[in-house]
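Working notes, structure below.
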There are 2 protein chains.
Amino acid sequence: MMHPCKSCALRKMSIFLPFSESEVRFMTEFRDGEVHLETGQTLYHEGDDLNFFYTVLSGQGARYKFLPNGGRQLVNFLFPGDLTGLQGLLEGQASTTAVAACPMVLCRFRKTRLPELFRTSPSRAYALTWVAAVEEHFLGETITTLGQRTALQRIAWALLKIHSRLTAVGLARGHGVPFPFRQRDLADALGLSLVHTNKMLARLRNQAQWEDGVLRITEARVLAEIAMVDLEEPPVRPLL
Amino acid sequence: MMHPCKSCALRKMSIFLPFSESEVRFMTEFRDGEVHLETGQTLYHEGDDLNFFYTVLSGQGARYKFLPNGGRQLVNFLFPGDLTGLQGLLEGQASTTAVAACPMVLCRFRKTRLPELFRTSPSRAYALTWVAAVEEHFLGETITTLGQRTALQRIAWALLKIHSRLTAVGLARGHGVPFPFRQRDLADALGLSLVHTNKMLARLRNQAQWEDGVLRITEARVLAEIAMVDLEEPPVRPLL
DNA sequence: CGACCTGTTGATGTCCCTCAAAGGGGGTGG
DNA sequence: CCACCCCCTTTGAGGGACATCAACAGGTCG
């Protein structure tokens, strides 16, 4: 297709800031093709020299960091609209491993053209920085959760965040949002053991159901109370 | 003084990428004065409308997030060269409270001029994004620490990171680096209780001493082993 | 001198980890 | 078509790491 960005479905979602005509033209030329991943495939490995960065177009994945003792931390989920790979911008070395949890499509950008982006399209460069700032903000919230919340509160917090983020990109289907991960992934995201994660999920079953890769929240109010957060939509943000 | 950036001591440190002549000129004009803080003063409060962002020139501080239950999370320390306030770029609302742990000097930038920076100085805009990516990378490491490391490992990890970061900005003084925080701050940074933090610090006394606001590391190798990290210098990064 | 803050140490409790085992699909092969 | 296995989920039992409660020492300040 000639105009992959022009027809991009993500761009139309209200959570993303609109593109100008010239921005659409620029991105169409700037992008470096698409990447298609199957379930379980890795986008990049920890330690890889990263020549690209990516925007998630569809599907879901996660970035993991592995420790010498066998531990594994899920640093963040990769949802449609998320940018990943920028971290490796500096060291050239990826600090995490990105894996697809279901079939994914990503928009690819070449790192060597980054200076050109900054020279040629200030508004797109601004968007890039903005997205990085959004991500930074979210990681700060995650740190707060890991540092201060109990297991039950962490689960409640995560389910709410995940649900609202996926709803914001139009994935709600009445019966819930697709969330194709295992309990082990959620456990690794929250610094909990698999067993305890399972037990806390059971205790929240009245407020949220997560089965067969579909997450449904029935008592958001209660979850928010448990998690000590306010119920709010994800803020509007740019898309790359 | 006419050339505050030209004479900036930070710029000369090898951990920071060099400025071109034109970049120095640009920043001199772009900056919006200095902010001087006394110990305990706050740079901004959670919920504030943020019109500025800042680079730490000297001194140290931290960003905190407070929870309804009285909990407090130290999201990150603010060391010389660090950029802060960008997170609030989007919501306009600061998500954390920034407090000085000793007298601080910061370089101030006006948010409304950000688009101008992207239009006028692509190389500076690139540096800004780079710094944000560095920060994002570090927050990811912190998440891994909070999620996967034990109390002793967290303390060892934090002491190493803090020491190497402060050394990289030239604060080592033979007997150690200045670190003007309380054990309560470190506890809040690592998601531990004050009491337990104290006990773990005691157990590491042979490897690291932290007294009277000075941190000295005598057995970095041992600490690194405990923390499950490699001993390495902080990567070179831009300065704003 | 007393009030307050920070650091230190001991005692007690508990949240969560680890170990263990069983049940339910889904896939493969006999 | 059933046997078998693997992965995921679920539940119970026991133990350990860390939180909470409590008390004291030293330093600083009013």
Side-chain angles (χ1 to χ4, degrees), chain A residues 38-40 62 67 69-74 99 101-102 145-159 178-206 208-216 226-228, chain B residues 38-40 62 67 69-74 99 101-102 145-159 178-206 208-216 226-228:
Chain A
E38 290 309 312
T39 303
L67 278 91
N69 66 352
R72 186 182 81 152
Q73 178 68 33
L74 191 160
V99 183
C102 65
T145 292
L146 295 189
Q148 303 301 324
R149 286 186 239 260
T150 66
L152 192 70
Q153 294 169 335
R154 293 184 209 191
I155 304 274
W157 175 86
L159 294 182
F179 187 59
F181 293 89
R182 320 276 102 167
Q183 294 188 357
R184 167 139 274 298
D185 294 305
L186 188 59
D188 288 342
L190 298 174
L192 299 171
S193 72
L194 169 59
V195 172
H196 202 59
T197 298
N198 178 287
K199 288 170 180 169
M200 295 303 105
L201 279 171
R203 211 198 282 183
L204 292 174
R205 204 85 67 185
N206 284 333
Q209 301 83 42
W210 173 27
E211 293 160 332
D212 304 321
V214 175
L215 171 64
R216 180 174 26 172
I226 292 172
M228 302 187 298
Chain B
E38 289 309 311
T39 304
L67 278 91
N69 66 350
R72 189 181 78 155
Q73 178 68 33
L74 192 159
V99 183
C102 65
T145 292
L146 295 190
Q148 304 300 325
R149 286 185 239 261
T150 67
L152 193 70
Q153 293 169 336
R154 294 184 208 191
I155 304 273
W157 176 85
L159 294 181
F179 186 60
F181 292 88
R182 321 277 101 167
Q183 295 188 355
R184 170 131 255 293
D185 293 305
L186 189 60
D188 288 342
L190 299 175
L192 299 171
S193 73
L194 169 58
V195 173
H196 202 59
T197 299
N198 177 289
K199 287 170 180 168
M200 295 301 106
L201 278 170
R203 210 199 281 184
L204 292 175
R205 206 83 65 178
N206 285 333
Q209 301 83 43
W210 173 27
E211 293 160 334
D212 303 321
V214 174
L215 170 64
R216 181 175 25 174
I226 292 172
M228 303 187 296

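Reminder, nothing fancy here: chain letters follow the sequence lines and each chain counts from 1. Quick caveat: nothing in here was measured; it's all calculated off a predicted structure.
Look at A:Arg182 and A:Asp188 and you find no salt bridge, because none of the NZ, NE, NH1 or NH2 atoms lies under 4.0 Å from a carboxylate O.
From B:Leu67, atom CG reaches atom CD of A:Gln153 across 8.5 Å, with rounding to the nearest 0.5 Å.
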Per-nt protein contacts along nucleotides 8-22 of chain C (heavy atom under 4.0 Å; B base, S backbone sugar-phosphate only, - none) come out as BBBB----BSBB---

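If you take CG of B:Asp185 and C1' of C:dT6, they are 11 Å apart, rounded to a whole angstrom. Between the CZ atom of B:Arg184 and the C1' atom of C:dC4 there is a distance of 16 Å, rounded to whole Å. Between the CG atom of A:Asp212 and the C1' atom of D:dC7 there is a distance of 14 Å, given to the nearest Å. B:Leu204 has its CG atom 16 Å from the C1' atom of C:dG7, to the nearest Å. Here the C1' atom of nucleotide D:dT10 and the CZ atom of A:Arg182 are 15 Å apart, to the nearest Å.
Side chain of A:Gln148 to backbone of B:Gly191: no donor-acceptor contact under 3.5 angstrom is found. One N or O on the side chain of B:Arg154 and one on the backbone of B:Arg149 form a donor-acceptor pair closer than 3.5 Å. Looking at B:Trp210, its side chain does come within 3.5 Å of a backbone N or O of B:Phe179 through a donor-acceptor pair.
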Pull out every protein N or O sitting under 3.5 Å from an N or O of nucleotides 26-30 of chain D, one pair per line with the distance.
none

Please step through side chain to side chain contact (heavy atoms under 4.5 Å, CB included) for the pair B:Arg72 and B:Asp185, ending with a clear verdict.
-> CA-CA 9 Å; B:Arg72 189 181 78 155; B:Asp185 293 305; 2.9 Å; yes

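Annotation: A:Asn69, atom CG; neighbour count of heavy atoms from other residues, nucleotides and ligands within 6.0 Å is above 12.
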In a table with atom names and distances, give each donor-acceptor pair under 3.5 Å that connects a side chain of residues 193-206 of chain A to protein atoms at least two apart or in another chain.
from     : atom 1 : to       : atom 2 : distance (Å)
A:Ser193 : OG     : A:His196 : N      : 3.1
A:Thr197 : OG1    : A:Ser193 : O      : 2.8
A:Asn198 : ND2    : A:Gln183 : OE1    : 2.9

